[in-house]
Amino acid sequence: MSDPRTIAFLSTLIPMTHLEQAYRARFPQAELRFPGALGALDEIEVAVCWYPPEGLMAQMPNLQLVQSVGAGVDHISADPALPAVPVCRIIDPDMGQGMTAYVCWAVIHQQRHMGAYLASAAAGRWQEQPIQPPRQHRVGIAGLGTLGLACAQALLGLGYSVRGWSRSPKANLPAGLQAFHGEAQRNDFLSGCDTLVCLLPLTDDTRGVLSQPLFDQLPRGAHLINVGRGDHLVEADLLPALASGQLGAATLDAFSQEPLPPEHPFWSEPRITITPHIATRTAPSVIAEQTAQNLARIRAGRAAEVAVDLQRGY
């Protein structure tokens, strides 16, 4: 397969230069263009994206592939002028391990009172916290895709009581996972979540799903972990839920605005743990290689094998 003529890196949030070395190694004949220096748009055949500018790709008449640098494509499909070009996501075997490690840490950090222990250590104070066996703590995972199932399997292995919710029934679920599906079973699912982990795709149906009505269905004092998208969360509803005690804590790795501004009120709320969208990452070499594989299939007339169903979000 010949290299594309030009690969453009499109983002309104990050410079994308961390991908340059890997793409130069994988596509030595291609010209690489980065935000602010895209040149003639009709020369661009591949767009590598993370929250690209709306309407820009519609001005690229020779575009053959739109490649997300992550597992999600909602940041691409949100463009109302997105051209009819195959959109592909990253499928990373290591992503599940990274997400699993983060989610297990977040669950344990709160359930075992590690924040309180760190504060005690900083003060030179020996102080025990209540100890609850993992089997008595119910972790709910909203979204039973590849990442959600990997997290469920790991938490079950640690002894936690785990339940999961998906839009439709899932087959071949891990032993011990209590499964719920559809709107009819969502309330029952939420009512048994001492910790709720959001790993849903971002779609029109899930945008703003983490809001007061959902919080009110959780057990009082529940812990919210959002490792999905920032737009899953209605930010204005979170602080009141924490202040009232309906939520006991929140661990957030994704935000509607990134980086989170220094003046944002979440920074000053001690019951919120913030990480800068680092729950899991894909190596640049993997992204470049999958871009090459996806482009080869598209050029061979096999786009259906790699293109995302934008109506489903994955």
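Numbering starts at 1 and runs along the sequence shown.
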Check step by step if side chain to side chain contact (heavy atoms under 4.5 Å, CB included) holds for Gln153 and Leu177.
CA-CA 8 Å; Gln153 187 72 66; Leu177 176 65; over 6 Å; no

Apply side chain to side chain contact (heavy atoms under 4.5 Å, CB included) to residues Asn62 and Ile44 and explain how you reach the verdict.
CA-CA 6 Å; Asn62 295 308; Ile44 295 170; over 6 Å; no

Run the numbers on Glu183 and Arg167 for salt bridge (charged side-chain N to carboxylate O under 4.0 Å, His left out), then give the verdict.
CA-CA 7 Å; Glu183 289 303 310; Arg167 184 175 61 176; over 6 Å; no

List the steps and the verdict of side chain to side chain contact (heavy atoms under 4.5 Å, CB included) for Tyr51 and Asp74.
CA-CA 9 Å; Tyr51 287 88; Asp74 50 272; 4.1 Å; yes

Before giving the answer on side chain to side chain contact (heavy atoms under 4.5 Å, CB included), spell out for Cys88 and Gln293 the whole-Å C-alpha distance, their side-chain angles and the decisive distance to 0.1 Å.
CA-CA 11 Å; Cys88 297; Gln293 294 172 1; over 6 Å; no

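Between the OG1 atom in Thr273 and the CG atom in Leu252 there is a gap of 8.0 Å [rounded to 0.5 Å]. Put simply, CG on Asp194 and OG on Ser161 are 8.5 Å apart, with the number rounded to the nearest 0.5 Å. Rounding to the nearest 0.5 Å gives a distance of 10.5 Å between CG of Asp253 and CZ of Arg229. Rounding to the nearest 0.5 angstrom, the gap separating the CG atom in Leu147 from the OG1 atom in Thr100 is 7.5 Å. How far OH of Tyr102 is from CZ of Arg281: 11.5 Å, rounded to the nearest 0.5 Å. Atom CD of Glu128 is separated from atom OG of Ser120 by 10.5 Å, given to the nearest 0.5 angstrom.
The pair Arg299-Glu45 meets the salt-bridge criterion, with a side-chain N (NZ, NE, NH1 or NH2) lying under 4.0 Å from an Asp/Glu carboxylate O. With respect to the salt-bridge test (charged N to carboxylate O, under 4.0 angstrom), the residues Glu31 and Arg5 do not qualify.
Thr251 and His223 share a side-chain donor-acceptor pair at under 3.5 Å. A donor and an acceptor atom, one from each side chain of Gln67 and Asn294, are located under 3.5 Å apart. Looking only at atom types and distance, the side chain of His137 has a donor-acceptor partner in the side chain of Thr195 under 3.5 Å away. Checked by atom type, the side-chain pair His264/Gln257 shows no donor-acceptor distance below 3.5 Å. There is no side-chain donor-acceptor pair under 3.5 Å between Asp237 and Ser211. No hydrogens or angles considered: a donor-acceptor pair under 3.5 Å links the side chains of Tyr160 and Gln111.
Ring geometry for Phe9 against Phe34 counts as parallel: the plane angle stays under 30°, on a 0 to 90° scale with 60° as the upper cut. Ring geometry for Tyr23 against Phe27 counts as parallel: the plane angle stays under 30°, on a 0 to 90° scale with 60° as the upper cut.
The closest donor-acceptor contact from the side chain of Gln64 to the backbone of Ile298 lies at 3.5 Å or more, if one exists at all. No donor-acceptor pair closer than 3.5 Å links the side chain of Ser285 to the backbone N or O of Ala22. For Glu258 (side chain) and Pro276 (main-chain N/O), no donor-acceptor pair under 3.5 Å exists by modelled atom type. In this structure, the side chain of Ser11 engages the main chain of Ile14 through a donor-acceptor pair within 3.5 Å. Under the 3.5 Å distance criterion, the side-chain polar atoms of Gln217 are matched with a main-chain donor or acceptor of Pro213. Counting only distance, with no hydrogens or angles, the side chain of Arg271 and the backbone of Leu242 share a donor-acceptor pair below 3.5 Å.
Across every non-hydrogen atom of Ala283 and Asp92, the tightest pair is N-OD2, 4.4 Å. Contact detail for Pro174 and Leu156: the closest heavy-atom pair is CB-CD1, 4.0 Å. Considering all non-hydrogen atoms of both residues, Asp3 and Gln29 come closest at OD2-N, 2.8 Å. When all heavy atoms of Arg163 and Cys193 are compared, the pair lying nearest together is CD-SG, 3.9 Å. Closest non-hydrogen pair, Pro52 versus Thr12, comes out as C-CG2, 4.0 Å. The two residues Gln129 and Ala116 make their nearest non-hydrogen contact at NE2-CB, 3.5 Å.
Residues Asp42 and Met60 have side chains not in contact (no heavy-atom distance under 4.5 Å, counting atoms from C-beta outward). Between Leu56 and Leu38, the closest side-chain pair of non-hydrogen atoms falls below 4.5 Å. By the 4.5 Å heavy-atom criterion applied to side chains, Gln132 and His113 are not counted as neighbours. Counting heavy atoms from C-beta on, the side chains of Leu32 and Arg24 come closer than 4.5 Å. Taking 4.5 Å as the limit, some side-chain heavy atom of Leu190 sits within range of a side-chain heavy atom of Arg186. In this structure, the side chains of Pro259 and His277 stay at 4.5 Å or more apart for every pair of heavy atoms. Side-chain contact between Val66 and Cys49 is present, with heavy atoms from C-beta onward closer than 4.5 Å. Put simply, the side chain of Ile90 does not reach to within 4.5 Å of the side chain of Ser68, judged on heavy atoms.
In the hydrophobic clustering of ILVMFWY residues, with side-chain heavy atoms under 4.5 Å counting as a link, Phe180 and Leu173 come out apart. Hydrophobic clustering of Ile, Leu, Val, Met, Phe, Trp and Tyr side chains at less than 4.5 Å, counting indirect connections, unites Leu260 with Leu210. Both Leu233 and Leu218 are assigned to one and the same hydrophobic cluster, defined by single-linkage of ILVMFWY side chains at heavy-atom distances under 4.5 Å. Put simply, Ile141 and Ile108 are part of the same group of oily side chains (I, L, V, M, F, W, Y) that touch within less than 4.5 Å, one to the next. Val139 is connected to Ile225 through a chain of hydrophobic side-chain contacts under 4.5 Å among Ile, Leu, Val, Met, Phe, Trp and Tyr, so both are in one cluster.
For Asp204, the CG atom sits in a loose shell: 12 or fewer heavy atoms of surrounding residues, nucleotides or ligands are nearer than 6.0 Å. The number of heavy-atom neighbours closer than 6.0 Å to CZ of Arg138, taken from other residues, nucleotides and ligands shown, is above 12. By the neighbour-count criterion of 12 heavy atoms within 6.0 Å, atom CD of Glu263 is densely surrounded, having more than that number from other residues, nucleotides or ligands. Under a cut-off of 6.0 angstrom, the local environment of CZ in Arg125 is crowded, with over 12 non-hydrogen atoms contributed by other residues, nucleotides or ligands.
A ring-centre distance under 6.0 Å is not found for Trp165 and His181.
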